[in-house]
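Any value given below was found using the heavy atoms of this structure, including those in side chains, with hydrogens, waters and symmetry copies removed.
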Amino acid sequence: MSDSPEAIEQSVNAWLDDNWDPNLSLQEWRTRLVEGGWSTTQWPSEFFGRDFTTEQAAVVTRVFNARGIVPVAQSGPRRLAAETILSMGNHDQKSRYLRPILTGEHSWCQLFSEPDSGSDLASLATRAVRDGDRYIVNGSKIWSSGAHRSQLGILIARTDPDVPKHRGVSYFICPMDTPGLELQPIVDMTTAYSFNQTFFTDMELPVENRIGEENDGWRLAKVTLGNERVSLSGEGALWGSGPSAVDLLNTVRDAGGISDPMLRDRAARLHIEGEVLRLIRLRTLSARLQGRQPGPEASVRKALADEHGQNIMELAKDLTGTHGMLTDTGPLGGDPEFPTTHSVVEGWQNWHGGFLFSPALTIGGGTSEVQRNIVAERVLGLPHDVDVQSGQSWSESRS
Ligand SMILES: Cc1cc2nc3c(=O)[nH]c(=O)nc-3n(C[C@H](O)[C@H](O)[C@H](O)COP(=O)(O)OP(=O)(O)OC[C@H]3O[C@@H](n4cnc5c(N)ncnc54)[C@H](O)[C@@H]3O)c2cc1C
């Protein structure tokens with residue numbers, strides 16, 4: 001097959017004509033997509049891809065969007081796990097874990113944040129001590145979204161406490177049914193049970209569950225966190241394909257428009273913010289099409305988009321009043337992207353639920369202050385945080 005955009009468009013359309021069946025379950029459909037080689041076309045052909053360039057893959061995405069056909073999961077912890085395993089896992093790990101991620105058979109969670117290590121994640125205290133061909137893990141993680149619905153987790157833990165904090169961390173694949181792992185539910189203020197605190201007590205992980213070299217886990221974690229920032233930097237991305245200013249303005253129009261000039265002013269500002277974000281997104285897209293990797297611009301976009309999301313929710317709450325508490329007033333009826341792992345869908349089906357959830361936007365995936373630090377350091381060239389320059393070992397820094 002020729003790989004020109006026209007030829008790709010023709011092939012994907014022909015394949016969809018033969019294979020798309022809305023009566024299949026999501027997992028059945030995604031299995032078919034993976035087997036047909038149309039799930040992740042930029043991945044290597046050895047692992048379900050077609051070695052497509054960004055531009056060629058964009059043609060496939062356009063066809064799926066135009067036909068309204070759901071692709072494989074594009075974001076969320078399982079996709080973060082997949083990208084990390086694909087770029088840094090060994091052949092066995094790729095062969096074993098990638099396929100069930102793409103088909104949706106396995107859900108994953110992210111076991112990174114700890115009660116005392118969130119923004120300063122590299123200070124994490126969960127220990128993994130090598131004992132022959134296994135590690136013994138002790139400690140605790142928190143805010144583990146969807147851990148109670150996940151078969152596997154990506155876990156970072158300290159394997160050497162006697163070197164500076166960034167250097168003594170390793171990265172693991174953690175089956176969530178491992179003896180010694182316990183979950184404690186955390187219900188958030190939208191009343192959804194989406195988070196957990198995860199406890200490890202003498203939990204044993206085989207050495208083959210480590211991704212990459214021992215003590216090289218921070219480098220891998222940075223890749224995961226970079227991908228997370230990119231995927232969370234779309235408007236409302238924390239709740240998947242969440243509402244935009246357009247959804248809100250449609251709701252307002254349906255309700256007869258706005259007569260109050262102050263509210264009109266807020267709505268106009270939201271529209272402008274949405275446009276600015278759209279243009280930044282186009283700039284990022286065009287950089288990608290020219291082969292440039294996403295950089296700190298994801299932090300610029302995330303910092304702006306999260307506050308935009310909060311502004312949408314606040315105006316929605318003010319405009320819809322008590323009516324906005326009814327379950328059919330929000331823009332979401334359930335998101336096929338997050339059929340099992342995403343919390344928010346249960347928690348808010350209306351504008352008021354969205355308003356209650358919205359403070360989380362400027363926290364999850366790195367707070368707005370942390371995004372601004374990244375912009376300050378990597379775009380504006382300002383000095384790094386002081387402790388990054390310190391040569392202290394992790395144990396010395398805690399004594
Ligand atoms: C919806 C949601 C889902 C999440 N899902 C997961 C998950 O699945 N897995 C997981 O591991 N974690 C998850 N988290 C946790 C998230 O990554 C952390 O909450 C986040 O990194 C912030 O850490 P923290 O809560 O410990 O806050 P802290 O780091 O304690 O920050 C407290 C305040 O201090 C500010 N601050 C901290 N350091 C600096 C600094 N250097 N400069 C300026 N200001 C600073 C912060 O901006 C913040 O305002 C989730 C969080 C949310 C809200």
Q) Any luck finding a side-chain donor-acceptor pair between Thr362 and Gln310 under 3.5 Å? A) yes
Q.
Would you say the rings of Phe48 and Trp43 are close, in the sense that their centroids are separated by under 6.0 Å?
A. no
Q. For Trp15, is the NZ or CZ atom of Arg32 found under 6.0 angstrom from the centre of its six-membered ring and inside 45 degrees of the ring axis?
A. no
Q) If you draw the axis of the six-membered ring of Phe172, does the NZ or CZ of Arg210 fall within 45° of it and under 6.0 Å from the ring centre? A) no
Q.
With a 4.0 Å cut-off on N to O distance, would you call Asp120 and Lys165 a salt bridge?
A. yes
Q: With sequence neighbours excluded, tell me which residues meet side-chain contact (heavy atoms from CB on, under 4.5 Å) with Arg378.
A: Arg229, Pro296, Ile374
Q. So, do Tyr97 and His106 have ring centers that fall under 6.0 Å from each other?
A. no
Q. Taking the six-membered ring for Trp, are Trp29 and Trp20 parallel (under 30°), tilted (30 to 60°) or perpendicular (over 60°)?
A. perpendicular
Q | With sequence neighbours excluded, residues passing side chain to side chain donor-acceptor pair (under 3.5 Å) with Ser368 | A | none
Q: Could you tell me whether Arg269 and Asp265 have a side-chain N and a carboxylate O separated by less than 4.0 Å?
A: yes
**Q.** Side chains of Gln371 and Leu304 in contact at under 4.5 Å (non-hydrogen atoms)
**A.** no
Q) Are the charged groups of Glu275 and Arg278 less than 4.0 angstrom apart, N to O? A) yes
Q.
Centroid separation under 6.0 Å, is that true for the rings of Phe47 and His91?
A. yes
